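What follows is a set of notes on a single structure, which appears directly below.
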Amino acid sequence: MPEEAGFPPGKRFRPGAGPLRRAGSCPHGRRMVMLLTAGGGGGGGGGGRRQQPPLAQPSVSPYREAVELQRRSLPIFQARGQLLAQLRNLDSAVLLGETGSGKTTQIPQYLYEGGIGRQAIIAVTQPRRVAAISLATRVSDEKRTELGKLVGYTVRFDDVTSEDTKIKFLTDGMLLREAISDSLLRKYSCVILDEAHERTIHTDVLFGVVKAAQKRRKELGKLPLKVIVMSATMDVDLFSQYFSGAPVLYLEGRQHPIQIFYTKQPQHDYLHAALVSVFQIHQEAPSSQDILVFLTGQEEIEAMSKTCRDIAKHLPDGCPSMLVLPLYASLPYAQQLRVFQGAPKGCRKVIISTNIAETSITITGIKYVVDTGMVKAKKYNPDSGLEVLAVQRVSKTQAWQRTGRAGREDSGICYRLYTEDEFEKFEKMTVPEIQRCNLASVMLQLLAMKVPNVLTFDFMSKPSPDHVQAAIAQLELLGALENKDGQLTLTPIGRKMAAFPLEPKFAKTILLSPKFHCTEEVLTIISLLSVDSVLYNPPSRRDEVQAVRKKFISSEGDHITLLNIYRAFKNTGGNKDWCKENFVHSKNMMLVAEVRSQLRDICLKMSMPILSSRGDTESVRRCLAHSLFMSTAELQPDGSYATTDTHQPVAIHPSSVLFHCKPACVVYTELLFTNKCYMRDLCVVDAEWLYEAAPDFFRRKLRASRN
DNA sequence: GAGCACTGC
């Protein structure tokens, strides 16, 4: 039995109000409009219902009345008049709304009902597909209209809108893609950027795009573009400043109070501390109260789940039983769904999760949150082009987000497995994604939008010049850029690359494929590479997996192996039983087919000939060598590998079919630093093909490695 | 020699 974790008496906080209240009393010298101060009340509001299945179309009037009553019971309803008066006259506004305020479902309706933005479409962006879909469903329901008429949504592979659509929910990435064909966003009268505090790379680029569109439309005397930035956290100064001091409207939500406990001492072993906390809660709290634990990754979560189950078996009589549920993105869907089911009476649910439960998945009934304060996240080093995946401290905003997961239906309790002093030293905000990613895609999209100067683009949080330069250099290598009168512009190839919803190097692979008569094969391979792995590897059945997979393995590498798997899948007519027998994720495989058909359509629109190499895998590998030549590694005399360009020591990832092989020269699709620098998805190539592909590049780079 | 946080077009 684990010993006491030793928490001092807790303080009472309202997680929303904790950081929020400070801002309320300290308006940062800008205009802060307090719209609502009375929180509380029953019923669930709009923004918080993401994970619920879309509601059925209402058909009976008592239901309609209930919907209307529910709308009126939302805290935001009392501020409706004030809100409309404000928004009517503003070009830009920042709306700070706590979770449960109903801002996402209500604001677009208020605008529409108030006749604001009716001349065109009101767009509401979301970082996630499920959110866009379920919000559109919810709002069309409230408006008593059929989904896709007045209210609709657009996400990749799924456009449920019509000529009548006036309120449109869409993913931020989708609106960005639309901006490539119309950078003034002429279809829209109003763009609402929701969940802005998440600072996804797409939302961040959109900030710049809508700001430029707003300005340009004004200059041209066109329909004004209203921009509303919605955020659930306090860091709204940046948003307000960026939109020339746009006023901040504040909406109180419906969060319940949460007690927060810090540890007395720093915890050196956060896993042990988490374990102790779980069982401490388990022995004290009623069994109906569920626990959510935040850890960093699959391996950790599976190990902790097993330990919890083992300990739970040997608890004294009278202790409730425990249902331990791991939760992470690569967990098969059916197992993810288990976290939404209620535990049997007298049994406590303990959900052990990655940060997927911070934003993407909302679980009802959580009373306790155990926050280790750790997260696994990607960092990017523009010098080396290396992506590093590392366990690190969360930011304060992230910690607040986790805490808030305890107070969604009722008051809650959060155990923070770090001291208050440690918490004070956390970074204020998570570094926005745009400063942590390879920017090649972003730069290609901005160039496709004909942004006057991508090097000085008005980002809200600017990536470093090195970072931008690295992306430009990569696009140059791919032949996407040319310099016209001192101005960077896209080449015809570059323009075509931007049409694909892919990383630039993958788009280039497809565009090169006709030259090698292998477009059919390349479309398949690129589709497989651009979704989550279709290979399912349950650790307990490793021998079985290996035996089954043997028949697909190609000595030419992972790309050809993946191609073999896809072909076998297609030959069986794509059935689920085949997937199960062969340890293939059927959901991901279905997605591959969808992606492939989308990419194929884009090729057809460009009048690309779509040919098959008919079993000639060498031409496929040549095509990969010609497009991925900047990502190559060579075998060294001592049996290790080093990248061709920077001589970075690298290793073959254990998931590769080439793990036990020693090919002389490979191209890889990704380099990832975890414990070591690993190459993922390798293809055996001939060094001569690489010279052919990029003689200049290799004259410079290969000489050193040959000497 | 041994492993992958989360989204999205």
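Numbers restart at 1 for each chain; the letters A, B, ... are given by sequence-line order, proteins then strands. Note that the structure is predicted; figures quoted are calculated from it, not measured.
Atom pair Leu444(A):CG and dC9(B):C1' shows a separation of 12 Å (rounding to whole Å applied). Here the P atom of nucleotide dT7(B) and the CG atom of Asn588(A) are 11 Å apart, to the nearest Å. To the nearest angstrom, P of dC9(B) lies 12 Å from CD of Glu178(A). Look at CG on Asp172(A): it is 10 Å from C1' on dC9(B), rounded to the nearest Å. Rounded to whole Å, atom P of dC9(B) lies 20 Å from atom NZ of Lys505(A). Nucleotide dC9(B) holds its P atom 17 Å from the CG atom of Asp204(A), rounded to whole Å. Between Glu198(A) atom CD and dT7(B) atom C1' there is a gap of 9 Å when expressed in whole angstrom units. One can place CG of Leu170(A) at 10 Å from P of dC9(B), the figure rounded to the nearest angstrom.
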- Note on the structure: Quick tally for nucleotides 1-6 of chain B: nucleotides whose base has a protein heavy atom under 4.0 Å get B, sugar-phosphate-only ones S, the rest -, giving BBBBBS

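Remark: the Thr397(A) side chain and the Asp235(A) side chain contain no N/O donor-acceptor pair separated by less than 3.5 Å.
Scanning for salt bridge (charged side-chain N to carboxylate O under 4.0 Å, His left out) contacts around Lys211(A) gives Asp458(A), with sequence neighbours left out.
Both the sub-6.0 Å distance and the 45° axial angle are not jointly satisfied by Arg541(A) relative to the ring of Phe583(A).
Residue-level contact check: Val155(A) touches the backbone only, with heavy atoms under 4.0 Å from sugar-phosphate atoms and none from bases.
Tyr418(A) and Tyr270(A) have their aromatic ring centers separated by at least 6.0 angstrom.
Within the structure, the salt bridge (Lys or Arg N to Asp or Glu O under 4.0 Å) test picks out the following pairs touching residues 583-602 of chain A (sequence neighbours left out): Glu520(A)-Arg596(A), Glu520(A)-Arg600(A).
With rounding to the nearest 0.5 Å, the separation of CD in Gln474(A) from OG in Ser441(A) is 8.0 Å.
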